[in-house]
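Heads up: the structure comes next, in C-alpha cells.
Letters go in sequence order (proteins before strands), and every chain restarts at 1. These values consider heavy atoms only, across backbone and side chains, with no hydrogens, waters or symmetry-generated copies.
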There are 2 protein chains.
Amino acid sequence: MGYRTRQGDMILECLKAQGSRHMTVEDIRAALRDKGESVGQATVYRHLDRLVREGVAVRYAGAGGQGACYQYTGCGEDVRAHYHLVCSGCGRMIHMECGLMDEVTTHLLEHHQFRVDRFRTVISGLCRQCADKRS
Amino acid sequence: MGYRTRQGDMILECLKAQGSRHMTVEDIRAALRDKGESVGQATVYRHLDRLVREGVAVRYAGAGGQGACYQYTGCGEDVRAHYHLVCSGCGRMIHMECGLMDEVTTHLLEHHQFRVDRFRTVISGLCRQCADKRS
DNA sequence: TTCAATGCAAAGCTTTTGCATAAAG
DNA sequence: CTTTATGCAAAAGCTTTGCATTGAA
C-alpha cells in the first residue's frame, strides 16, 4: 500500500534527524533546500499526514497559532500502547506507558462514547525541569 | 486607554455567558446574530486579542489547525477544569468535565513529573457517530 | 471637536485540492 | 502497463490590515 519514493524518504529522514525537536512544514522544506533538494509543499503535507496516521510522527499546534508542528516519535502501529507527552518548554517527548492511561482509554470509550486515537493525541504541558525553571 | 463601546461589551458578555466553555470567533458572531446584533469579524478579533492581552480570556488552538478557541477566565480566577476531545471524523469538539480526568492531571504531575496544560491538549479520536459510520 | 472603534474588503498565512505529468512496481 | 506520487497552481479556511466612516468622550 503505497510506493516508496525519494521525497518520502527524505522527509522522514529530516524529522528523524531532529530528534526531540519538532519541525514545521517550512522547516522541513528549508532543510531539504539546504541539501540542494526541492520538494513541493503539497508533497510535504501529504507525507506528514500519512506519518501521523501511521503513528510515526505526531502533530500539534505551535505557539502563537501559527503553522502546525510535527515531531518524530519512532513508534509504529505495533508498538505497545502509550501516550505522548510533549513539553512545550524544551520540546522533549515523553513516551508514557501506564495503567492509568489504559483505563482512560477504556473510560472514554464506555462513558463518553469516544474512541481515542493515541497516535493523534498529544498531551501538552511542562516537564519537571521546565516547570521548575518557571517558578 | 480605549473607548467603551457597545460591541466590546457584547463580546465580553458572550464569553462570560459561556462559563467554562470556549467559543470560536464564529460562535460569537452567531450568538450575537441570534440576538439580532451584527458585529464585524475584524472587530471581534480585535476585542478578543485585547481580552487575551489583558488576561481576561485565554486563547488556544482548536482542532486540526482550524479556528482558535477563546475562553473567559474571570481575570485570573481558575477556569473550570475540562479537557477537549476532538473528533477527527466530523471535527466536533466535546468538552469533558470528568472526575477521572482530574485524577489524570494529578497522576501525571505526581508520577510522571509532568504538568499538563489543558488548553493546549487536545485528545483526538472518533465520536460515536463517526466510529459507527466507519465500521 | 478629537481620537479611537467599527466595518468592509483586500491582503496574508497555512493547508487542501484538482489535475496533468513523472516515477514506482 | 497500471497505479500511486509529485508538483504546480488554484482554492479554501482563518486572521490581519488599510482606510473611510461612525461613535465615544
Given the rule in the side chain to side chain donor-acceptor pair (under 3.5 Å) test, do B:Thr121 and A:Tyr60 qualify, once you have shown the distances and angles that lead to the verdict? CA-CA 9 Å; B:Thr121 299; A:Tyr60 48 92; over 6 Å; no
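- Comparing C:dT16, D:dT15, C:dC8 by their closest approach to the side chain of B:Arg59 singles out D:dT15.
- Between A:His95 and A:His84, the angle of the ring planes goes over 60°, which puts this pair in the perpendicular group of the 30/60° scheme.
- With rounding to whole Å, B:Tyr60 atom OH is found 17 Å from D:dC14 atom C1'.
- Nucleic acid contact class of B:Ser38 (heavy atoms, under 4.0 Å, all strands): sugar-phosphate only.
- Using a 4.0 Å cut-off between charged side-chain N and carboxylate O, B:Asp49 and B:Arg53 make no salt bridge.
- For the OP1/OP2 pair of C:dA5 and a distance below 4.0 Å, the side-chain nitrogens and oxygens of B:His47 include no atom meeting the criterion.
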Check the pair B:Thr24 / B:Asp27 against side chain to side chain donor-acceptor pair (under 3.5 Å), numbers first and verdict last. CA-CA 5 Å; B:Thr24 65; B:Asp27 289 341; 3.3 Å; yes
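- Both A:Arg46 and B:Arg46 lie close to DNA chain D; mapped to their nearest nucleotides by heavy-atom distance, the more 5′-ward contact belongs to A:Arg46.
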Can you run through DNA chain C from 5' to 3' and write each base as (, ), [, ], | or . depending on how it pairs? Watson-Crick or G-U wobble, both distances under 3.5 Å. |||||||||||||||||||||||||
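- A:His107 and A:His111 have parallel rings, their planes meeting at less than 30° on a 0 to 90° scale where 60° marks the start of perpendicular.
- One atom, CG of A:Leu48, and another, P of D:dA5, lie 15 Å apart when rounded to the nearest Å.
- With rounding to whole Å, B:Met10 atom CE is found 13 Å from C:dG7 atom C1'.
- Taking 4.0 angstrom as the limit, B:Gln7 places a side-chain polar atom (N or O) nearer than this to OP1 or OP2 of C:dG7.
- Using a distance-only test at 3.5 Å, with no hydrogens or angles considered, no donor-acceptor pair links the side chain of A:Arg59 to the main chain of A:Val52.
- Protein atom CD of A:Glu37 is 16 Å distant from nucleotide atom C1' of D:dA5, rounded to whole Å.
- A salt bridge links A:Glu26 and A:Arg33; the closest N-O separation between the charged side-chain nitrogens and carboxylate oxygens is under 4.0 Å.
- Rounded to a whole Å, the CG atom of A:Asp49 is 12 Å from the C1' atom of C:dT17.
- One interatomic measurement links the two molecules: CG of A:Asp27 to P of C:dC13, which rounds to 16 Å at whole-angstrom precision.
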Side chain to side chain contact (heavy atoms under 4.5 Å, CB included) between B:Tyr45 and B:Val25: does it pass, once the steps are laid out? CA-CA 7 Å; B:Tyr45 276 107; B:Val25 168; 3.6 Å; yes
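- Rounding to whole angstrom units, CE of residue A:Met23 and C1' of C:dT14 are separated by 17 Å.
- Nearest heavy-atom pair across B:Arg6 and B:Glu37 is NH1-OE1, 3.2 Å.
- For CZ of B:Arg115, the number of neighbouring non-hydrogen atoms (other residues, nucleotides, ligands) closer than 6.0 Å is 12 at most.
- Close to D:dT15, at under 4.0 Å from its OP1 or OP2, lies a side-chain N or O of B:Tyr45.
- Each of B:Glu26 and A:Arg29 was assigned the nucleotide of DNA chain D with the nearest heavy atom; the assignment lying further toward the 5' end belongs to A:Arg29.
- Taking atom CZ of residue B:Arg53 and atom P of nucleotide D:dT16, one finds them 11 Å apart after rounding to whole Å.
- Phosphate contact (OP1/OP2 of D:dG7, side-chain N/O of A:Thr43, threshold under 4.0 Å): present.
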Where along nucleotides 20-25 of chain C does protein come under 4.0 Å, by heavy atom, of base (B) or sugar-phosphate alone (S), with - for untouched nucleotides? ----BS
